[in-house]
Each structure stands twice: as structure tokens, then as C-alpha cells.
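A short write-up of the structure that comes next.
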Amino acid sequence: MASFQILTIVAFFILLAKPSTTSACENSTISTNFTQTKIEYSASNYGNTSTTQTFKNYIKTSCNSTTYPSICYSTLSPYAAKIGADPLKLCSVSLSMAYKAAKSASTNISKILKKNNMTRIAEQVVQDCFGNVKDSIGELKDSLDSLGNLDGADRKFQISNIKTWVSASITNDQTCSDGFDEMNVDSSLTAKIRTGVLDVARKTSNALYFINNNLY
């Protein structure tokens with residue numbers, strides 16, 4: 001009987017010395033699984049129709065205050081998932097669309113110049129316009145580059161530069177358009193070029209509105 005009691009006491013102390021079944025690794029695994037669940041949840045919601053519609057509503061509301069709201073919404077709504085509800089991304093994508101339009105207008109004018117079937121005056125006007133659009137492209141690119149590096153103590157200075165460049169881009173587009181008004185250029189040729197340049201000016205104007213109201 002005494003031997004049995006001794007064995008019982010020994011077994012009790014062995015049980016006390018045994019490591020806990022709830023280890024740090026198990027706690028880590030639980031934490032990892034929880035994080036993974038959150039990531040999967042976020043990913044599934046990112047493509048959710050209602051979420052996308054919420055982002056589109058954000059864009060529509062933002063565009064309503066611009067100079068050209070319909071152009072603004074039709075241009076930006078395809079990028080709703082990328083923009084989300086982020087004011088900085090709204091500025092960036094809007095500016096990117098203006099830059100893309102400027103490059104397209106430049107390509108179109110370049111093709112027209114290569115045809116060599118214009119009067120000397122018309123060719124000069126188109127050449128001047130081509131130069132204006134090229135300048136506009138450079139200003140929009142500088143703005144995009146600076147927008148992508150907004151940080152530090154120079155933030156206000158960078159924002160000021162962006163506003164100056166974008167405003168100058170609009171001025172260049174206007175200068176191109178004015179050139180056709182001042183000279184006697186074929187109306188069909190004028191229409192072909194002005195359509196593209198006007199598209200640039202309107203998208204740039206919308207981008208400037210967002211920059212003025214969303215960057216601080």
C-alpha cells in the first residue's frame with residue numbers, strides 16, 4: 001500500500017513537470033491564420049460590386065464640382081478600383097489621363113505635319129501648335145513626377161510647382177487654339193487638331209481642380 005502511494009506521488013510530480021500543450025508556436029499559428037483570414041477578406045471585398053460602385057459614386061461626386069463633370073466621370077470611372085476613395089490617387093489618375101491625351105494629340109499633329117499638303121501659313125500655325133502641345137506634355141510629366149514624390153519639408157513647394165506646371169499646360173493648349181483663330185487656316189484641318197487639343201485642355205482643367213482642392 002505504501003509502495004502504491006509512493007508511485008502515485010511520483011506520477012503527480014511527473015505530470016507537473018510536463019510542458020504545457022499550449023505552446024508559443026501554437027499561439028503564433030493562430031495569429032498567422034487570423035491575419036491570413038483578414039487578407040483574404042479584404043481581397044474578396046476589393047472586387048466586390050458594391051465596393052466598386054461606392055468608389056464610382058465617390059468619383060462622380062468629386063467630378064460634379066469640376067468644370068467638365070461628364071468628361072471627368074467618363075474618363076475616371078473605369079479606374080474606380082485604382083482610385084478607391086483616395087484624393088491623392090484621384091489627382092494622380094486625373095493628371096495621368098490629361099498626360100495621355102496630350103501625347104495622343106501630339107501624335108495626331110505630327111502625322112498631319114508629315115502630309116506636307118498645307119499652305120505655308122497653315123504649316124507654320126500647325127508647327128507652333130505642335131510646339132505648344134510638346135511643352136504641355138513636358139509640364140504634365142513634371143507634374144506627375146513631382147506628385148509621385150510628395151514628401152518632407154518641401155511638400156508645399158512641390159505642390160506649388162505642380163499647380164504652376166498644370167496651369168502652364170492649359171495656357172499652352174489655349175495658345176495653340178488661338179493660333180488657328182488668328183490665321184486663315186482650313187477649317188477641316190483646324191477641327192482635326194483642335195478636337196484633340198481641346199480634349200487635353202478639358203482633362204487638364206479637371207485635374208487642376210482636384211489638385212487645387214485635394215493637395216495640402
Side-chain angles (χ1 to χ4, degrees), residues 56 58-83 89-148 162-214:
K56 286 186 175 182
Y58 167 72
I59 292 172
K60 187 173 184 179
T61 300
S62 300
C63 284
N64 282 342
S65 299
T66 63
T67 311
Y68 307 100
S70 60
I71 292 174
C72 177
Y73 183 73
S74 64
T75 300
L76 299 182
S77 58
Y79 301 91
K82 181 177 181 179
I83 295 170
K89 289 182 180 178
L90 182 68
C91 293
S92 179
V93 174
S94 184
L95 200 54
S96 294
M97 294 300 100
Y99 176 67
K100 182 179 179 181
K103 291 188 74 174
S104 177
S106 175
T107 299
N108 181 51
I109 296 170
S110 178
K111 289 178 180 178
I112 291 173
L113 281 169
K114 289 176 181 178
K115 291 181 178 180
N116 292 321
N117 57 350
M118 294 177 282
T119 65
R120 184 179 62 81
I121 293 176
E123 184 176 359
Q124 184 58 56
V125 172
V126 176
Q127 282 283 7
D128 289 344
C129 178
F130 185 59
N132 293 141
V133 174
K134 281 289 187 182
D135 288 341
S136 181
I137 290 173
E139 288 150 354
L140 291 172
K141 186 179 186 305
D142 287 342
S143 300
L144 280 167
D145 290 342
S146 189
L147 191 61
I162 290 170
K163 291 178 180 180
T164 299
W165 288 324
V166 176
S167 296
S169 173
I170 296 172
T171 300
N172 278 311
D173 297 333
Q174 186 60 53
T175 300
C176 164
S177 182
D178 290 345
F180 289 96
D181 290 333
E182 295 168 2
M183 308 300 289
N184 186 20
V185 180
D186 179 77
S187 59
S188 62
L189 176 62
T190 300
K192 286 179 183 178
I193 295 175
R194 276 182 128 173
T195 298
V197 174
L198 186 61
D199 184 51
V200 180
R202 287 174 173 173
K203 289 176 180 176
T204 306
S205 177
N206 287 339
L208 182 59
Y209 172 83
F210 291 138
I211 290 167
N212 284 333
N213 289 276
N214 292 287

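The chain is numbered in sequence order, starting from 1. Here the structure is a predicted model, which means the values were calculated and not measured.
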Return all side-chain donor-acceptor pairs below 3.5 angstrom for residues 89-114, not counting sequence neighbours, or 'none' if the list is empty.
from: Ser96; atom 1: OG; to: Ser92; atom 2: O; distance (Å): 2.9
from: Thr107; atom 1: OG1; to: Lys103; atom 2: O; distance (Å): 3.0
from: Asn108; atom 1: ND2; to: Lys192; atom 2: O; distance (Å): 3.4

List the atom pairs, with distances to 0.1 Å, where a side-chain N or O of residues 198-205 and a protein N or O form a donor-acceptor pair under 3.5 Å, not counting sequence neighbours.
from: Asp199; atom 1: OD2; to: Lys203; atom 2: NZ; distance (Å): 3.2
from: Thr204; atom 1: OG1; to: Val200; atom 2: O; distance (Å): 2.7

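Within a 6.0 Å sphere centred on CZ of Phe180, heavy atoms belonging to other residues, nucleotides or ligands number more than 12.
Here the side chains of Trp165 and Leu140 are not in contact, with every heavy-atom distance at 4.5 Å or above. Put simply, the side chain of Cys63 reaches to within 4.5 Å of the side chain of Phe210, judged on heavy atoms. The side-chain heavy atoms of Val126 and Leu189, taken from C-beta on, include a pair separated by under 4.5 Å.
Here the closest non-hydrogen pair linking Thr75 and Ile71 is OG1-O, 2.7 Å. What you find for Val185 and Ala122 is that their closest heavy atoms are CG1-CB, 4.0 Å. Nearest heavy atom pair, residue Ser136 against residue Asn172, reads N-ND2, 4.1 Å.
Taken to the nearest 0.5 Å, the OG1 atom of Thr66 stands 13.0 Å off from the OH atom of Tyr73. For the atom pair CG of Asn213 and OG of Ser65, the computed distance is 8.0 Å after rounding to the nearest 0.5 Å. Interatomic distance, Asn132 CG to Asp173 CG, rounded to the nearest 0.5 Å: 8.0 Å. Put simply, CG on Leu208 and CD1 on Ile162 are 11.0 Å apart, with the number rounded to the nearest 0.5 Å. Within the model, atoms CD1 of Ile193 and SG of Cys176 stand 7.0 Å from one another, a figure rounded to the nearest 0.5 Å. For the atom pair Lys115 NZ and Glu123 CD, the distance stands at 14.0 Å (nearest 0.5 Å).
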So Leu76 and Cys72, side-chain contact (heavy atoms from CB on, under 4.5 Å) or not? Walk me through it. CA-CA 6 Å; Leu76 299 182; Cys72 177; 3.9 Å; yes
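Between the side chain of Ser146 and the main chain of Asp142, no donor-acceptor pair closer than 3.5 Å is present.
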